[in-house]
Protein chains: 2
Amino acid sequence: MVQKNKKPPSAAKIEAPVAPKRRGRPRAYEPDVALGKALDLFRRDGFAATSLDDLSAATGMNRPSLYGAFGDKRELYIKSYQRYRDDARAAMVDIFRADAPLRERLERIYRIALDIYLSGESGPRGCFTVMTAASEAVSDPDIRAMVLEGLTELDKAFGICFRHAKERGELPDGADPASLAHLASATIHTIAIRARARVPRGELEAIVKGAVDVMCRAK
Amino acid sequence: MVQKNKKPPSAAKIEAPVAPKRRGRPRAYEPDVALGKALDLFRRDGFAATSLDDLSAATGMNRPSLYGAFGDKRELYIKSYQRYRDDARAAMVDIFRADAPLRERLERIYRIALDIYLSGESGPRGCFTVMTAASEAVSDPDIRAMVLEGLTELDKAFGICFRHAKERGELPDGADPASLAHLASATIHTIAIRARARVPRGELEAIVKGAVDVMCRAK
DNA sequence: ATTTTTTTGTACCATTTCGCATTAAATTCC
DNA sequence: GGAATTTAATGCGAAATGGTACAAAAAAAT
């Protein structure tokens with residue numbers, strides 16, 4: 001039995017949006033929730049320390065199903081990271097777009113960030129980028145590209161915030177939006193790291209408050 | 001043959017400082033340089049991805065010798081981390097102690113930090129704490145304690161800097177040394193992460209310059 | 001009912017991993 | 001020179017790892 005083409009050539013244009021009425025045995029998992037479980041594991045333990053057995057147990061999928069659905073371990077890791085970035089972006093994009101005073105926007109962003117970093121039953125989960133992706137970035141060009149993309153995306157979003165605030169007169173003329181944006185990103189990074197060391201939320205919030213004060217002081 | 005006491009009880013007070021004239025076969029390695037090699041590996045690949053074979057090859061010691069000299073993998077990791085922290089502290093302590101203007105002190109600290117993070121033949125090595133230790137910190141209390149200690153130590157050192165600067169009138173009365181210290185640490189953290197993503201030194205220096213400008217602006 | 005298609009479940013394989021047991025080598029003390 | 005002692009070197013072994021082959025199962029299509 002030679003199976004050569006993965007997609008039947010006849011079904012070229014038909015793209016069922018809801019219930020594609022798949023042909024064979026139905027899958028016993030939902031890809032989205034499975035990917036979420038994999039993401040949790042990778043985020044907690046990193047790439048190397050997460051075994052396929054762990055992933056299999058957490059997702060409820062056996063190894064061949066995992067492989068068929070997401071590819072090998074590295075592909076699953078990358079898909080998990082993409083998922084993480086999508087979720088984080090979705091949680092922040094509204095705030096970045098919103099037309100609110102600078103301080104309020106910053107406070108809301110950092111509140112979301114703390115929620116992301118501190119959630120998790122078995123300890124704070126930290127930030128995927130900072131905790132594991134940055135480590136892989138040195139040796140893996142694809143992951144490195146994703147990390148760089150994420151870093152500059154955050155810088156840019158903060159940059160728009162500060163430029164906007166400056167135009168509105170919330171910042172002094174001498175203020176440099178790009179530098180402030182880097183400081184805002186740096187504050188994200190430092191709380192991600194500290195969260196991982198189990199620094200309690202109150203302390204992290206104090207650090208954030210101090211940073212916001214410095215970044216917003218229009219003196 | 002039962003060997004029970006590791007040290008001969010008779011040599012209680014004698015502590016030869018230079019050449020102890022050891023009794024058996026001389027070791028073929030220097031513990032210090034071997035630990036340095038192990039540190040390089042752990043820093044590059046993290047705990048899980050570094051195998052004892054890798055460590056054995058890099059140090060030139062075979063596995064049992066490694067084991068005898070440093071204990072198991074986790075102990076070696078911890079000793080490597082201690083070594084890293086000692087080196088980093090030694091490289092910075094003079095600058096922190098020095099009595100120089102704030103801006104100059106900060107610039108020198110960041111120059112050292114960049115040197116540490118960007119050195120290495122096979123890509124930038126980044127910061128041990130940020131790259132691998134913070135990941136282990138969630139599950140390993142000992143490593144967590146070391147990470148926390150390192151974080152607060154840096155915060156405190158910067159804090160002294162800023163308090164000192166404020167007393168000297170280099171900062172406005174409204175400036176909060178503690179908040180500025182956290183921002184200074186955050187800048188360390190952000191360049192450590194970016195270095196790992198192979199952001200070139202020039203960009204990192206620009207980020208540092210902007211951060212220093214914000215932290216030093218005495219307006 | 002039979003065929004086709006897709007997924008599941010079990011089991012397996014080659015490799016790697018950590019740790020240690022054992023023997024050989026090199027040095028000091030007597 | 002020989003005993004004692006410390007280290008090096010080889011290699012074993014049990015367990016874990018990433019990946020896959022293969023057959024059974026569950027659905028649609030004919």
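Note: hydrogens, waters and symmetry copies are ignored here, and every other heavy atom, side chains too, is used. A note on names: the letters A, B, ... follow the listed sequences, proteins ahead of strands, and every chain is numbered from 1.
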For Asp142(A), what residues pass the salt bridge (Lys or Arg N to Asp or Glu O under 4.0 Å) criterion, not counting sequence neighbours?
Arg74(A)

Applying side-chain hydrogen bond (donor to acceptor under 3.5 Å, both in side chains) as the test, list every pair that has at least one member in residues 106-116 of chain A; sequence neighbours left out.
Asp115(A)-Arg201(A)

Can you sort out the partners of Glu30(B) under salt bridge (Lys or Arg N to Asp or Glu O under 4.0 Å), two or more places apart, ordered by chain and number?
none

Would you jot down, in residue-number order, the residues of residues 133-144 of chain B having a non-hydrogen atom under 4.0 Å from DNA chain D?
none

Among residues 39-78 of chain B, which ones have heavy-atom contacts with DNA chain C below 4.0 Å?
Thr50(B), Ser51(B), Leu52(B), Arg63(B), Pro64(B), Tyr67(B), Asp72(B), Lys73(B)

Base-contact (B) and sugar-phosphate-only (S) positions in nucleotides 25-30 of chain D, heavy-atom cut-off under 4.0 Å, - elsewhere:
BBBBS-

Test salt bridge (Lys or Arg N to Asp or Glu O under 4.0 Å) applied to Lys156(B) - qualifying residues, sequence neighbours left out:
none

Check side chain to side chain contact (heavy atoms under 4.5 Å, CB included) between Ala48(B) and all other residues, then give those that pass, not counting sequence neighbours.
Ala48(A), Ala49(A)

The side chain to side chain contact (heavy atoms under 4.5 Å, CB included) partners of Ser185(B) (sequence neighbours excluded) come to Arg194(A), Leu154(B), Asp155(B), Phe158(B), His189(B)

Looking at Glu153(B) and Arg89(B), is there a salt bridge between them, counting it only when a charged N and a carboxylate O are closer than 4.0 Å?
yes

Filter on ring-ring contact (aromatic ring centres under 6.0 Å, His included), then keep only pairs touching residues 42-63 of chain B, sequence neighbours left out; what's left?
Phe42(B)-Tyr77(B), Phe47(B)-Tyr77(B)

Checking Asp94(A) now: which residues fulfil salt bridge (Lys or Arg N to Asp or Glu O under 4.0 Å) with it, not counting sequence neighbours?
none

Mind checking what makes side chain to side chain contact (heavy atoms under 4.5 Å, CB included) contact with Asp53(B), not counting sequence neighbours?
Ser51(B), Arg63(B)

